[in-house]
Amino acid sequence: MIKELHQKLINKEITSVQLTEQYFDAISKKDADLHAYLTLTKELAIEQAKYVDEKIARGEEIGIIEGIPGAIKDNICIKNVRATAGSKILDNYIAPYDAGVISKLKEAGAIILGKTNCDEFAMGSSTENSAYGVTKNPHYEERVPGGSSGGSAVVVASDMAVWALGSDTGGSIRQPASFCGTVGLKPTYGRVSRSGVMAMASSFDQIGPMTKTVEDAAIILSIISDHDEMDATSAPNFGKKYEDYLTGEIKGKKIGIVKGYLEGLDAGVKKVMESVIEKYEKLGAEILEIELPNAKYSLPTYYIIQPCEVSSNLARFDGIKYGMRADDKKNSDYNPDGLPKNLLETYLDTRAYELGAEVKRRIMLGTYALSSGYYDAYYLRAQKVRTLIKQDFKKAFEKVDLILTPTAPTPAFKIGENTNDPLQMYLEDIFTITANIVGVPAISVPGGNVEIDGKQLPVGFQLMGKWFDEENLLNVAHAFEIS
Ligand code: GLN
């Protein structure tokens, strides 16, 4: 899709301003129902598009993404643009700088249409935790789009953007991609700079592309992956163009299926998985069974370490440094006039009124697990299990090149279905969370559809690759897509 649009721009079949306006038209027609955007950046987009059109008019060469419109999840900062991360506490927050990935995209000439809805601070699997209302699944509007990057999945699936960025801490790019029928890539931890994404659980967070095709995901990854001195965990970059590795040739590739993973699955998802396996066999891949004995502890491990990191990272939202303060809305639990009387009351009132229930739950869980006396029993033990899971992956990758699993255990579920049952919601991430625990790259690719209430709901499958082996991962995903 990106390559075709690029060709149209250089052939002068369309201008970037026209293309950008087409997308704003689509947004004005569809987004009142779908509610995928929180903020539109029309002025910025048109200004960027004009600049590209002038370049083309002067006969200058343009880059692959130049002049092509996309969208950014609202927890990623764009200078002078509102960034709420789906939270009321940042309702009035205007980012003072560009995230590393935004600098890269701007340098490459990409057009930014706006910011997309997400679960508050990216905690959730359905966008229902956004303080700004739920985003709807374009395939069936009574159902969730997944989350937390639900808005980004929806804008791509419903042609309200060509590409989008999401963030993935436990599955937030891949699960909504699966629910909406798009491609979603979580790169290797360290591949893409985290500077300017609002830190949620820093040892898991990664930014990645959400697109219509694997090739588009590769193109976006080539642009946003770079070493960034603003992120101490960012890896060296060797200027790889991932799209150049998409040969579609995968004969002899060894793909691992995890023992036990296909049992107890939703019948529709199971069927899709069986057809995916069959197709890979036809393409000449070798399917092997592998074991990840400690992966069954992934969910509890994540839900100890993740809240610990959340409790630390979200301490900065205190009503003093950023965003809303209790005084602004005259909300106080302590004083009838609604005004906190000292610093501690300001902290307590601001956080009590401006943070949502799920975020508070994680902060409390994390604070508890880190408190003295419990640290060893919970946090430290979970870190040890994390190492065991990593060792399982190292061993598995001696035998196979990639690991194939479902992306999510179910297709998109009904709005409201899991909101009263946090554990059920957490279980949505059972297949995706392990990649964040161990840091490997993982992609969700549309695998097929299931029919529910007469509607076709997409189901994705997940491939996990070796650390920093995005080229193989993308190529094997691409082979499926083009066959
Ligand atoms: N659903 C998971 C959570 O709530 C993962 C979220 C994410 O990847 N940002 O923590």
Side-chain angles (χ1 to χ4, degrees), residues 72-76 85-87 116-131 134-135 144-153 164-179 184-187 189 192 194 197-210 298-314 355-366 369 382 407-410 412-413 417-419 421-444 460 462 464:
I72 308 293
K73 184 176 180 179
D74 205 32
N75 63 346
I76 299 172
S87 182
T116 57
N117 198 14
C118 56
D119 287 295
E120 184 172 8
F121 289 111
M123 288 176 232
S125 306
S126 64
T127 25
E128 291 165 295
N129 294 337
S130 166
V134 65
T135 298
V144 301
S148 63
S149 314
S152 288
L165 291 189
S167 68
D168 192 312
T169 305
S172 277
I173 288 177
R174 291 160 285 157
Q175 184 253 22
S178 173
F179 283 11
L185 170 70
K186 180 204 89 74
Y189 184 78
V192 175
R194 290 179 296 108
V197 61
M198 290 178 201
M200 191 256 255
S202 311
S203 75
F204 301 97
D205 299 341
Q206 265 297 282
I207 296 173
M210 305 178 78
S298 291
L299 208 65
T301 302
Y302 176 86
Y303 276 103
I304 291 182
I305 302 173
Q306 191 265 3
C308 288
E309 295 188 16
V310 164
S311 70
S312 162
N313 272 326
L314 269 67
L355 292 175
E358 183 60 32
V359 171
K360 286 183 197 164
R361 175 163 29 240
R362 308 266 179 122
I363 292 173
M364 286 188 276
L365 280 171
T407 304
T410 62
F413 48 87
E417 191 175 325
N418 289 338
T419 35
D421 188 348
L423 185 59
Q424 199 52 41
M425 193 71 97
Y426 297 170
L427 282 166
E428 267 306 312
D429 304 311
I430 188 108
F431 297 118
T432 44
I433 261 174
T434 18
N436 303 76
I437 289 183
V438 304
V440 294
I443 192 167
S444 180
Q462 172 178 245
M464 294 186 268

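Order of appearance sets the numbers: ligands from 1, and atoms from 1 within every ligand.
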Checking N129 against S148: is there a side-chain donor and acceptor pair closer than 3.5 Å? no
Assign the ring pair Y303 / Y426 to parallel, tilted or perpendicular, where the plane angle (0 to 90°) is split at 30° and 60°. parallel
Quick check on M200 - does any of its heavy atoms sit under 4.0 Å from an atom of ligand 1? yes
Protein contact of atom 6 (C) of ligand 1 - nearest heavy atom, named by residue and atom, plus distance: S172 OG, 2.9 Å
Looking only at protein heavy atoms, what sits closest to atom 3 (C) of ligand 1 is Y303 OH, 3.4 Å
Rounded distance [0.5 Å steps], CE in M200 versus OG in S167: 7.0 Å
If you measure every N/O of S167 against every N/O of ligand 1, is any gap under 3.5 Å? no
Check each heavy atom of R174 against ligand 1 and say whether those closer than 4.0 Å belong to the side chain, the backbone, both or neither. neither
Is the contact between E358 and ligand 1 made by the side chain, the backbone, both, or neither, using heavy atoms and a 4.0 Å cut-off? neither
Would G124 count as being in polar contact with ligand 1, using the rule that some N or O on each side must be under 3.5 angstrom apart? yes
Looking at CD of E428 and OG1 of T410, how far apart are the two atoms once the value is rounded to the nearest 0.5 Å? 4.0 Å
Identify, for atom 1 (N) of ligand 1, the protein heavy atom at the shortest distance, and state residue, atom and that distance. D429 OD2, 2.7 Å
Could you list the atoms of ligand 1 found under 4.0 angstrom from a heavy atom of A122? 6 (C), 7 (C), 9 (N)
To the nearest 0.5 Å, what is the distance between CZ (F179) and OG (S125)? 8.0 Å
Flag the pair S149 / S172 as yes when at least one side-chain heavy-atom distance between them is below 4.5 Å, and no otherwise. yes
Per-atom contacts, ligand 1 versus S148 - under 4.0 Å to a heavy atom: 9 (N)
State whether a side-chain donor-acceptor pair under 3.5 Å links T419 with E128. no
For S125, counting its heavy atoms only, list the atoms of ligand 1 lying under 4.0 Å from any of them. 1 (N)
Atoms of ligand 1 under 4.0 Å from any heavy atom of D168, numbered from 1 in the order shown, are 8 (O)
Is the closest side-chain donor-acceptor distance between T127 and N117 under 3.5 Å? no
Could you tell me which atoms of ligand 1, counted from 1 in the order shown, lie closer than 4.0 angstrom to a heavy atom of Q306? 10 (O)
Minimum-distance protein heavy atom relative to atom 5 (C) of ligand 1: Y302 OH, 3.4 Å
Step by step, would you call T407 with F431 a side chain to side chain contact (heavy atoms under 4.5 Å, CB included)? CA-CA 6 Å; T407 304; F431 297 118; over 6 Å; no
Would you check the N or O atoms of M123, main chain and side chain alike, for any that come under 3.5 Å of an N or O of ligand 1? no
Counting only heavy atoms, which portion of Q175 has something under 4.0 Å from ligand 1: side chain, backbone, both, or neither? neither
Measure the spacing between OG1 of T169 and CD1 of I433 and express it to the nearest 0.5 Å. 10.0 Å
